[in-house]
**Student:** 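I am attaching a structure below and will ask some questions about it afterwards.
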Amino acid sequence: MSPRYWARWAVEQGAARWGLRLQARRDSPFAKLITTSDALHDPYPQIEAIRSQGRLVANPYTWATADYEYIRAILRDNRFGAFGPDSMNVPPWMRNHLKRAQTPPNPVEPPSMLMIDPPDHTRIRKSVSAAFTPRAIGRLRDRVESVTTELLDALPPEGSADLIAAFAQQVPIAIITEMLGFPQDSRNEFLSWGDAASPLLDIGIAWRTWRDAYTAMGVMDRYLDGHLATLRATPGEDILSSLVTAGELNERELKATASLLMGAGFETTVNLIGNGVVQLLSHPEQLAMLRADPDLWPQAIDEILRFDPPVTMTARIALCDAEIGDRTLPAGTVIVMSLAGANRDPNKFTDPNRFDITRADAREHLTFSSGIHTCLGASLARMEGVYALRSLFDAFPDLTLAGAPERRPLYTLHGYSRMPVRLGRRATATAIATATATV
C-alpha cells in the first residue's frame, strides 16, 4: 500500500492506538477495556470500573457509558448518528487526503448500513428487509436443520474436534452464503476474508492488521465484481439477485451491503454458538434444565446473548447539541457504548452477573442494538442458535471441553477462535429425533 494509506491508518487508528495505550498506563478503565489482553478474556472488571465512575464518563476525545437506560435512549434517538471515518473531526485538507486513499467497499465505512443515517440508511435497509421478515426466516428453518444435521453427522463419535472450525463456523456460513447466492465452494474464502476484516470494528488496531484487512477486502471486492456480473446475466432467487434486478443501489452500495450482510450473518451466530457451548458447559445445572424442559431453549439463547454477547460495543456521534441525563453534549461528541455493560446493568437486570436461562426479561438485552440500526438478522441468529446448540447437545450428550478455548483477539466481536472438545458417545438417531422434534 502507498504512503497515503499509512497516513489514513495513522489518522483513523494510529492516533487512537497511541492515545489509548497512554491512557491505559494511566489506569483508565475505558482504555484498558479496549486495549488490554485481560479485557479480551474478561471485560467485566473494566466495565464495572467505568460504571463506578458514573452513568456517562468523559475520556480524552470520547465519552463512555455502560448504562442500559442511556444506551437504549441514544440508540433510539435521531439526534445521534452512526460514527465512522467520515464523521471524524479533521481539517478539510486532511479529509481530502483521506478520500484519495479510498478503501474497497466494506462493512465499517459508508455506504454500509452500519455506518450511515437516514435517508440513505432507510433506502438501503428497505431494499434488503424483505429477506429477513419472520416468514422469510421461517422458510429457512428446514435448511438450517439439514445443514446442522450434516455437520453433526460428520463429527467423529468418541473423538475430538475443534468445535469452532468444524461446527460453529459452518452453520452460519452455509446459510448466509446461500441467502446471498454465493456458490458452496466460496465458503472458505469468505471465512478467510471475514477473519482478516473483523478487527476493523475495533478501535486503535495495528497498521499491519489494518493493512491486511483492507487487502482482504480488496480481494473480496474483485470477487464481487465477477459475482454481480453473473447475477446480472442469470439472476437467481437470492438477496443479491433481487438487489441487482431492482437496480436501486449503485455498485459501491451493492458491494458494501453484500459485505455487511456476509459479516453480520456470520459473526454474530458463530460467536453465539461458541459462547453458548462454553456457558452451558460451565453451568451444568442450566444445561440439565434445558434437557428436562426443551421449551426453555429460545429463552436460553437470549440469556446467552445477554450474559456473553457476541458484540460488546458500538458508538454514536451527536449530530447536534443533545441532552443525556443532566449533561448537554455538544454536536460532534462521540459516545462509545458498552453493550455488554448495558446487558449486566444492575438497574435493569436483577443479579445481572448470574447466568440464568429462566430469566424473564433476558430478551430485553441490547446485543442486537436498538432503534433504526437494530440487527436485521436477529431472528435468523436466534433460530440458528436454538437449533445448532440444542442439536449439538442432543447428538453428543457427553460433550466436554478438551482444553481451554481460545478467545479471538478482538474487543468488539467477542467469541472464540478455537474450541477443542471431546465429543463422547453419539446419541441414537431415534433419541436425537425425539429430542429435537419441537425445535
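None of the values given here were measured: they were computed from a predicted structure.
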**Student:** If the condition is side-chain hydrogen bond (donor to acceptor under 3.5 Å, both in side chains), which residues does Asp77 pass it with, not counting sequence neighbours?
**Tutor:** Arg79
**Student:** Establish, yes or no, whether a centroid distance under 6.0 Å links the rings of Trp210 and Tyr214.
**Tutor:**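 Aromatic pair counts; centres sit under 6.0 Å.
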**Student:** Do the charged groups of Glu248 and Arg125 touch, with an N to O distance under 4.0 Å?
**Tutor:** no
**Student:** Using the ring of Tyr5 (Phe, Tyr or Trp, six-membered ring only), decide whether Arg211 places NZ or CZ under 6.0 Å from its centre and within 45 degrees of its axis.
**Tutor:** no
**Student:** Residues in ring pair (Phe, Tyr, Trp, His ring centres under 6.0 Å) with Phe80, at least two apart?
**Tutor:** none
**Student:** Tell me whether Asp225 is salt-bridged to Lys255, with the criterion being a basic N under 4.0 Å from an acidic carboxylate O.
**Tutor:** yes
**Student:** Do Leu329 and Leu56 have side chains that get closer than 4.5 Å, going by heavy atoms?
**Tutor:** yes
**Student:** Between Glu364 and Arg306, is there a salt bridge with N-O shorter than 4.0 Å?
**Tutor:** no
**Student:** Could you tell me if the ring centre of Trp193 sits under 6.0 Å from that of Tyr223?
**Tutor:**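 Here the rings of Tyr223 and Trp193 have centres that are less than 6.0 Å from each other.
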**Student:** Using ring pair (Phe, Tyr, Trp, His ring centres under 6.0 Å) as the criterion, list what pairs up with Phe307, not counting sequence neighbours.
**Tutor:** Phe355
**Student:** Assess the side chains of Gln184 and Thr177: does a donor N or O sit below 3.5 Å from an acceptor N or O?
**Tutor:** no
**Student:** When you measure from the side chain of Gln46 to the backbone N and O of Lys32, does any donor-acceptor pair fall under 3.5 Å?
**Tutor:** no
**Student:** Taking the six-membered ring for Trp, are Phe190 and Phe182 parallel (under 30°), tilted (30 to 60°) or perpendicular (over 60°)?
**Tutor:**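 Tilted: the ring planes of Phe190 and Phe182 meet at 30° to 60°.
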**Student:** Could you go through Leu75 and Arg316, starting from their C-alpha distance and side-chain angles, then the distance that decides it, and tell me whether this counts as side chain to side chain contact (heavy atoms under 4.5 Å, CB included)?
**Tutor:** CA-CA 8 Å; Leu75 291 172; Arg316 293 291 184 270; 3.5 Å; yes
**Student:** Under a 3.5 Å distance rule, please check whether Gln170 uses its side chain to pair with a backbone N or O of Ala165 as donor and acceptor.
**Tutor:** yes
**Student:** For the CD atom of Glu406 and the CE atom of Met419, what is their distance to the nearest 0.5 Å?
**Tutor:**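 Taking CD in Glu406 and CE in Met419, the distance rounds to 10.5 Å.
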**Student:** Going by an N to O cut-off under 4.0 Å, is there a salt bridge joining Glu12 and Arg17?
**Tutor:** no
**Student:** Between Glu267 and Arg408, is there a salt bridge with N-O shorter than 4.0 Å?
**Tutor:** yes
**Student:** Side-chain contact test, heavy atoms from C-beta onward, threshold under 4.5 Å: evaluate it for Leu413 versus Val311 and give yes or no.
**Tutor:**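 They are in side-chain contact.
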**Student:** The criterion is side chain to side chain contact (heavy atoms under 4.5 Å, CB included); which residues satisfy it with Ser242, sequence neighbours excluded?
**Tutor:**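 Result, side chain to side chain contact (heavy atoms under 4.5 Å, CB included) vs Ser242: none returned.
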**Student:** Once side chain to side chain contact (heavy atoms under 4.5 Å, CB included) is applied, do any residues pair with Ser338, and if so which ones, sequence neighbours excluded?
**Tutor:**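 If we apply the side chain to side chain contact (heavy atoms under 4.5 Å, CB included) test to Ser338, skipping adjacent residues, the hits are Ile47, Ala66, Ala340.
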**Student:** Is it the case that the side chain of Thr148 and the backbone of Val144 share a donor-acceptor pair, with hydrogens and angles ignored and the cut-off at 3.5 Å?
**Tutor:**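 Side chain of Thr148 to backbone of Val144, a donor-acceptor pair under 3.5 Å: yes, one is there.
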**Student:** I want to check something: taking the side chain as every heavy atom from C-beta on, are Ile71 and Leu366 in contact at a cut-off of under 4.5 Å?
**Tutor:**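 The answer is yes, as the side chains (C-beta and beyond) meet within the 4.5 Å cut-off.
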**Student:** Determine whether Thr412 and Asp202 satisfy the following criterion, side chain to side chain donor-acceptor pair (under 3.5 Å), listing intermediate values before the conclusion.
**Tutor:** CA-CA 6 Å; Thr412 300; Asp202 281 347; 2.9 Å; yes
**Student:** Can you tell if the side chain of Leu180 reaches within under 4.5 Å of the side chain of Asp238, non-hydrogen atoms only?
**Tutor:** no
**Student:** Taking 4.0 angstrom as the limit, do Glu69 and Arg76 come out as a salt bridge?
**Tutor:**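 Salt bridge between Glu69 and Arg76, a charged N being under 4.0 Å from a carboxylate O: no.
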**Student:** So do Trp297 and Tyr387 actually touch side chain to side chain, heavy atoms under 4.5 Å?
**Tutor:**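 No, every pair of side-chain atoms sits at 4.5 Å or beyond.
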**Student:** What pairs of residues pass the salt bridge (charged side-chain N to carboxylate O under 4.0 Å, His left out) test when at least one of them lies in residues 163-182, not counting sequence neighbours?
**Tutor:**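 Matches after skipping sequence neighbours: Arg143-Glu178, Glu178-Arg187.
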**Student:** Side chains of Asp212 and Thr209 only: does a donor on one sit below 3.5 Å from an acceptor on the other?
**Tutor:** no
**Student:** Is any side-chain heavy atom of Leu152 closer than 4.5 Å to one of Ser391?
**Tutor:**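 They are in contact (side-chain heavy atoms under 4.5 Å apart), so the answer is yes.
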**Student:** So which heavy atom on Ala196 is nearest to which on Ala216, and how close?
**Tutor:**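 So the two residues come closest at CB-CB, 3.6 Å.
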**Student:** Ignoring hydrogens and angles, state whether a donor on the side chain of Ser370 or Arg72 is under 3.5 Å from an acceptor on the partner side chain.
**Tutor:**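 Result is no, nothing qualifies.
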**Student:** Can you name the closest pair of heavy atoms from Ala166 and Leu155 and give their distance?
**Tutor:** CB-CD2, 3.8 Å
**Student:** Output yes when Asp120 and Arg123 qualify as a salt bridge under the 4.0 Å nitrogen-oxygen rule, no when they do not.
**Tutor:** yes
**Student:** Inspect the contact between Asp67 and Arg51 and indicate whether a charged nitrogen and a carboxylate oxygen are less than 4.0 angstrom apart.
**Tutor:** no
**Student:** Could you tell me whether a side-chain N or O of Ser28 sits under 3.5 Å from a main-chain N or O of Gln23, the two making a donor and an acceptor?
**Tutor:** no
**Student:** Are Trp18 and Trp207 close enough that their ring centres sit under 6.0 Å apart?
**Tutor:**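 Centroid distance Trp18-Trp207: not below 6.0 Å, so no.
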**Student:** Any donor-acceptor pair under 3.5 Å linking the side chain of Ser129 with the backbone of Lys126?
**Tutor:**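 Yes, the answer is positive, given that a donor and an acceptor are paired below the 3.5 Å cut-off.
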**Student:** Can Ser112 and Asn106 be counted as having a side-chain donor-acceptor contact under 3.5 angstrom?
**Tutor:** no
**Student:** Using the benzene-type ring in the case of Trp, are the ring centres of His365 and Phe368 under 6.0 Å apart?
**Tutor:**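 His365 vs Phe368: aromatic centres under 6.0 Å.
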**Student:** Between Pro352 and Asn343, is there a side-chain heavy-atom distance shorter than 4.5 Å?
**Tutor:**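 Result no, sub-4.5 Å side-chain heavy-atom pair not found.
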**Student:** Looking at side-chain heavy atoms only, is the closest gap between Leu272 and Arg382 below 4.5 Å?
**Tutor:** no
**Student:** Does atom CZ (Arg21) have a neighbourhood of more than 12 heavy atoms from anything else shown, all under 6.0 Å?
**Tutor:** no
